[in-house]
Amino acid sequence: MRRSAAIFLLGLLFGISTFAGMPVEGSRALAAEDSIETEEDASAGSAEVTEETMSAEEEMAAGYTIGVSVYDPEDWEAIAFRDYFEDYLGTAFNTTFYYNAERIDTAEDEIAFVEELHEAGVKGIISFLSTYIEDVLPVCEEYGMYYVLGSGTISDEVYENVKDNPYFLGTIGPTTEDEQTAGETLAENLAALDESGNASYLVVTGGSGIGNEMHHLRTIGILTKLQEIYGLTYDQSVEELAAITETTEIETGTDVRITIFPGYLVDGSEVGEAVTGGEYTMVISAMTIANAITNICNAEAENGYDIKVGMVDCFTDQNYAFFNETDANGDSRLNCLVGKYGAIVGPSFVAMCNAYAGYADDFRDEDGCAFRLYQTYWYAADTEEFNELYAQSISTYENTYSATDMMQVLKLYNADADYAAFQEFAEK
């Protein structure tokens, strides 16, 4: 272990800040001037060290800046991940995270953000957008910018198309089976709350019909499980139904109503409008609809009947409130959740730091391709289960992906770190 690395490790272990660096910038997106030190900022009398002459240890000591692209910077899952990145890893490893300031709704939006990062001198991006990866990676390669999918799933076909890009580090997230199981679990949990046996479902499918593999698999799981539980007869395959891009009430062959409600939400009012007067008793979503919960509760009060809600999201403070607060009917505002916890994104940070330090090739899979590593969801079918898992989620920084454990799979600090060790670390 080299001297600067050893000093860093000692500082980390004793809980002190070894490196003087840029402070974490809270919840705003960083501007380019925030993340690049100018000559005027350099200490007077110190020797000028250019990027070309800095060693990997010196670069990390000076502070890394990593780009992070999210669908919506105000999304609570994105905020949970951000808290872990900035408040924990940013402090421990003197790293600044440069977020997109506006929503990313298209491939062009993410490409524009990549170009913004390039102009700011940022050399890597942790993305939480799986839909546009084939469009974005060629731009990253052109700029020499590393890219990792921080928590997500892509199809086998897309993976085959991008796995050999040298700047694509890989994907970390649930397996395709886990994504479908997430949808099945939501459907099973909500159906268990259907006392009448003929509920009316609004199924929010997000990007399922426009290439979001995670949403597509979850929607397939939802429709498959509902078909099994209620004995439904669809007039199309579940794969075809999951690809619907317009609001559509589908045939079920029974009194159970299912309406496909596709598309990303702007402010949640879309779901509120759909359930107001729509006689839906269940809202089940393949993505987060946290910004729609209040709208749904307002619709409940207006309609005069209860609406059960389940979604895929994260174990956040906001969802804690939704589970523990009641609606007009005295029921929890949110009834079941399949979700992630904030620290789940730790391995993506390790992968990017290894790439920044010059070891990207050492952490490709056995075939020399971008890795595919897998993590699982947590499931909460009621308030008690949610609260138990929430308590774990807010204490997982040290229990799951702690900074000390990361030192063992960062090759800059442990020369023996290799792909096998990183895989074991990521998938524990």
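Start at 1 with the first residue, then count along the sequence. What you see is a predicted model, and the numbers here were worked out from it, not measured in a lab.
- With sequence neighbours excluded, the residues that form a side-chain contact (heavy atoms from CB on, under 4.5 Å) with Val409 are Val350, Ala421, Phe425.
- Every residue was checked against the ring pair (Phe, Tyr, Trp, His ring centres under 6.0 Å) condition with Tyr159, not counting sequence neighbours, and none meets it.
- Ring planes of Phe422 and Phe363: perpendicular class, angle over 60° (limits at 30 and 60°).
- Between Val283 and Val204, the shortest heavy-atom contact is CG1-CG2, 4.3 Å.
- Applying the salt bridge (Lys or Arg N to Asp or Glu O under 4.0 Å) test to pairs two or more places apart or on separate chains, those with a residue in residues 224-239 are Lys225-Glu228.
- Taking the six-membered ring wherever Trp is involved, the centroid distance between the rings of Phe97 and Phe85 falls below 6.0 Å.
- In terms of the salt bridge (charged side-chain N to carboxylate O under 4.0 Å, His left out) criterion, residue partners of Glu160 (sequence neighbours excluded) are, by chain and number, Lys163.
- The closest side-chain donor-acceptor pair between Asn354 and Asp362, if any, does not fall under 3.5 angstrom.
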Would you be so kind as to tabulate the donor-acceptor pairs closer than 3.5 Å made by side chains of residues 256-268, with sequence neighbours excluded?
residue: Arg257; atom: NE; partner: Glu249; partner atom: OE2; Å: 3.3
residue: Arg257; atom: NH1; partner: Ser200; partner atom: OG; Å: 3.0
residue: Arg257; atom: NH1; partner: Gly278; partner atom: O; Å: 3.2
residue: Thr259; atom: OG1; partner: Tyr280; partner atom: OH; Å: 2.9
residue: Tyr264; atom: OH; partner: Asn212; partner atom: ND2; Å: 3.1
residue: Asp267; atom: OD1; partner: Ser269; partner atom: N; Å: 3.0
residue: Asp267; atom: OD1; partner: Ser269; partner atom: OG; Å: 2.5

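- Side-chain contact of Glu116 with Tyr98: a donor-acceptor pair under 3.5 Å is present, judged by distance alone.
- With a 6.0 Å radius and a threshold of 12 heavy atoms from other residues, nucleotides or ligands, Asp164 has its CG atom above the threshold.
- Residues forming a ring pair (Phe, Tyr, Trp, His ring centres under 6.0 Å) with Phe322 (at least two apart in sequence, or on another chain): none.
- Results of the side-chain contact (heavy atoms from CB on, under 4.5 Å) test with Arg333 over Asp327, Thr326, Asn319 single out Asp327 as the only residue that passes.
- Within a 6.0 Å radius of CD in Glu115, other residues, nucleotides and ligands contribute more than 12 heavy atoms.
- Thr219 and Ala286 make their closest contact through OG1-CB, 3.7 Å (heavy atoms, listed as atom of the first residue, atom of the second, distance).
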### Task
Take Phe128 and Tyr71 through the ring-ring contact (aromatic ring centres under 6.0 Å, His included) test and state the conclusion after the steps.
CA-CA 7 Å; Phe128 295 95; Tyr71 162 62; over 10 Å; no
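- Under the 4.0 Å criterion applied to side-chain N and carboxylate O atoms, Arg82 and Asp75 are not assigned as salt-bridge partners.
- Judged as a salt bridge (Lys or Arg N to Asp or Glu O under 4.0 Å), the pairs with a partner in residues 170-194 (not counting sequence neighbours) are, in order, Glu179-Arg218.
- Residues satisfying the side-chain contact (heavy atoms from CB on, under 4.5 Å) test with Glu427, not counting sequence neighbours, are Leu373, Tyr374, Gln423.
- For the 3.5 Å distance criterion, the side chains of Tyr401 and Tyr88 fail to qualify, holding no donor opposite an acceptor.
- Under 3.5 Å, the side chains of Ser332 and Asn335 contain no donor-acceptor pair of N or O atoms.
- The closest donor-acceptor contact from the side chain of Asn414 to the backbone of Gln408 lies under 3.5 Å.
- Glu142 CD to Leu137 CG: the interatomic distance, rounded to the nearest 0.5 Å, is 13.0 Å.
- Nearest heavy-atom pair, Ser151 versus Val345, reported as atom, atom and distance to 0.1 Å: CB-CG1, 4.3 Å.
- A cation-pi geometry, defined here as NZ or CZ lying under 6.0 Å from the six-membered ring centre and within 45° of its normal, does not hold between Lys340 and Phe315.
- Screening residues 295-313 for salt bridge (Lys or Arg N to Asp or Glu O under 4.0 Å), with sequence neighbours left out, gives Asp306-Lys308, Lys308-Asp331.
- Every residue two or more places apart in sequence or in another chain was checked for a ring pair (Phe, Tyr, Trp, His ring centres under 6.0 Å) with Tyr132, and none qualifies.
- With sequence neighbours excluded, the residues that form a side-chain contact (heavy atoms from CB on, under 4.5 Å) with Glu385 are Ala380, Ala381, Asp382.
- Minimum heavy-atom separation, Ala274 to Leu202: CB-CD2, 3.9 Å.
- Nearest heavy-atom pair, Thr245 versus Gly209, reported as atom, atom and distance to 0.1 Å: CG2-O, 3.6 Å.
- Counted by atom type alone, Thr288 and Glu77 present zero donor-acceptor pairs between their side chains at under 3.5 Å.
- Shown here are the side-chain contact (heavy atoms from CB on, under 4.5 Å) partners of Ser155, two or more places apart in sequence or in another chain: Glu157, Val158, Glu213.
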### ring-ring contact (aromatic ring centres under 6.0 Å, His included) between Tyr167 and Tyr147, worked out
CA-CA 6 Å; Tyr167 289 93; Tyr147 185 105; over 10 Å; no
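- Inspection of the Tyr390 and Asp317 side chains reveals an N or O donor paired with an N or O acceptor under 3.5 Å.
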